[in-house]
Amino acid sequence: MDFPALHAWDLSPREAVALQRRLAAQVVVADRLPARINRVAGVDVSYEKHGRIFFAAVSVLSFPDLEPLAEATARGHSEFPYIPGLLSFRELPLVLQAFQRLAQAPEVILVDGQGIAHPRRLGLASHLGLWLGVPTVGCAKSRLCGEHVAPGTEKGAATPLRDGEDVIGTVLTTRTGTKPLYVSPGHLVDQRRAVEITLACCRRFRQPEPTRRAHHLSNQLRRSTPTPPEDR
DNA sequence: GCGACAG
DNA sequence: ATCTTGTCGC
């Protein structure tokens with residue numbers, strides 16, 4: 001697929017925060033999904049144990065059947081450290097490389113991380129959606145910010161994730177008896193659609209099929225990659 | 001200053 | 001995210 005090329009991204013954490021504030025204003029939290037959704041993609045990144053090499057994977061499934069259609073991966077590294085709230089500056093470059101290798105763009109993308117449920121409303125899912133110009137949904141396994149009461153334990157149970165006056169996400173039980181997921185709009189989708197798509201992608205596991213497959217893909221890529229020699 | 005803190 | 005064996009439960 002085609003989208004703006006990735007320039008050199010050597011920003012300091014402080015500059016990254018400033019950029020997030022500017023980009024957040026461009027995020028569209030509204031239902032702009034096409035009438036017919038045929039392809040859903042999931043993204044995930046795994047790291048080598050010493051954090052030397054990153055492995056990004058994208059898995060595309062048919063919708064609503066969820067049958068595998070295509071996949072793409074990318075190997076690389078990042079100098080940017082993991083800082084809560086600045087995850088996209090660490091992972092996005094490699095994730096974009098993986099998407100660059102996809103022949104066809106999906107109608108929506110599920111991301112292993114937050115969408116607007118972020119201090120500055122620009123989690124990894126929102127940043128990715130903005131860059132690709134494709135609708136995205138954040139499906140994080142844990143909370144970054146916001147408050148909420150626990151949802152019921154039945155699949156489909158949900159409670160709002162709030163940050164002051166704003167509803168920034170939905171704490172959603174995606175499988176009966178398991179810990180809920182933190183679902184939030186990434187870009188071009190609203191709260192309702194974010195939850196709808198996520199539930200439609202959950203079969204027998206807590207994680208939606210797209211991100212679950214991407215997770216396995218990036219893991220097997222890491223396991224099949226020899227660890228390069230140390231430098232000291 | 002202290003606690004929280006996606007992956 | 002990653003380091004890790006067995007183990008409890010559907």
Side-chain angles (χ1 to χ4, degrees), chain A residues 9 13 16-17 20 23-24 27 42-59 73-96 98 109-130 136-148 153-155 161-164 168-187 194 198 202-208 210-212 214-225 227-228 230:
Chain A
W9 244 21
V17 168
Q20 288 186 321
L23 295 179
V27 172
V43 207
D44 191 41
V45 176
S46 65
Y47 309 145
E48 184 186 48
K49 67 177 177 182
H50 296 305
R52 314 250 314 137
I53 307 178
F54 289 34
F55 304 86
V58 177
S59 183
T73 61
R75 266 186 355 135
H77 56 76
S78 176
E79 297 305 312
F80 207 95
Y82 169 66
I83 299 174
L86 299 181
L87 181 63
S88 63
F89 293 89
R90 179 176 169 79
E91 301 190 342
L92 196 52
L94 195 61
V95 166
L96 291 177
I109 303 169
L110 265 50
V111 181
D112 198 337
Q114 315 288 353
I116 62 170
H118 176 281
R120 291 166 293 282
R121 309 293 183 266
L122 196 83
L124 176 59
S126 298
H127 203 159
L128 175 65
L130 209 49
T136 54
V137 176
C139 298
K141 299 182 295 300
S142 59
R143 187 191 68 91
L144 172 59
C145 67
E147 300 124 28
H148 68 88
T153 59
E154 320 263 324
K155 177 176 180 177
L161 178 62
R162 300 194 161 84
D163 187 13
I168 59 177
T170 303
V171 187
L172 178 70
T173 298
T174 54
R175 182 189 177 180
T176 299
T178 63
K179 286 160 47 67
L181 242 42
Y182 292 77
V183 178
S184 62
H187 184 47
T198 299
C202 289
R203 287 287 180 266
R204 25 196 295 235
F205 301 99
R206 178 169 85 123
Q207 290 283 329
T211 52
R212 210 173 70 79
H215 185 74
H216 284 160
L217 236 182
S218 62
N219 269 331
Q220 69 180 58
L221 175 59
R222 172 166 56 77
R223 285 165 12 213
S224 65
T225 299
T227 301
E230 294 292 332

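As a basis for the values below, the full set of heavy atoms in this structure was taken, side chains included, without hydrogen atoms, waters or symmetry mates.
The residue L92(A) sits apart from the nucleic acid: no heavy atom pair falls under 4.0 Å. R222(A) comes within 4.0 angstrom of the backbone, heavy atoms only, and of no base. As judged by a 4.0 angstrom heavy-atom cut-off over every strand, G177(A) is placed among residues making no nucleic acid contact.
Between R143(A) and dC5(B) there is a side-chain N or O to OP1 or OP2 distance below 4.0 Å. At dA1(C), none of the side-chain N or O atoms of N219(A) fall inside 4.0 Å of OP1 or OP2 (strictly under the cut-off). For dC5(B), neither phosphate oxygen OP1 nor OP2 lies less than 4.0 angstrom from any side-chain nitrogen or oxygen of S142(A). Within the structure, every side-chain polar atom (N or O) of K141(A) is placed at least 4.0 Å from both OP1 and OP2 of dA6(B).
Per the geometry, CG belonging to L122(A) stands 16 Å off P belonging to dG7(B), to the nearest Å. As a whole-Å value, the separation of L110(A) CG from dG7(B) C1' is 16 Å. To the nearest angstrom, P of dT2(C) lies 8 Å from OH of Y47(A). In this structure, L144(A) atom CG and dG3(B) atom P are separated by 19 Å, rounded to whole Å. Rounded to whole angstrom, the span from the CZ atom of F205(A) across to the C1' atom of dC10(C) amounts to 12 Å. Remark: C1' of dA1(C) and NE2 of H216(A) are 15 Å apart, rounded to the nearest angstrom. Note: CZ (R75(A)) to C1' (dA1(C)) measures 18 Å, nearest angstrom. In this entry the distance linking CZ of R175(A) with P of dC10(C) reads 11 Å, nearest Å.
Smallest separation of non-hydrogen atoms from F55(A) and S218(A): O-CB, 3.5 Å. Across every non-hydrogen atom of L144(A) and Q114(A), the tightest pair is N-NE2, 3.5 Å. Heavy-atom minimum distance, L23(A) versus L130(A): O-CD2, 3.4 Å.
Closest to the side chain of S46(A), out of dT2(C), dA6(B), dG7(B), is dT2(C). Comparing dG7(B), dC3(C), dA6(B) against the side chain of D44(A) picks out dG7(B) as the nearest.
Side-chain contact of Y47(A) with E91(A): a donor-acceptor pair under 3.5 Å is present, judged by distance alone.
Of the options Q207(A), H215(A), K141(A), a side chain to side chain donor-acceptor pair (under 3.5 Å) to D112(A) is made by K141(A) and by none of the others.
A stacking contact links Y82(A) to dG7(B): the aromatic ring centre lies within less than 5.5 Å of the base's six-membered ring centre, and the planes differ by less than 30°.
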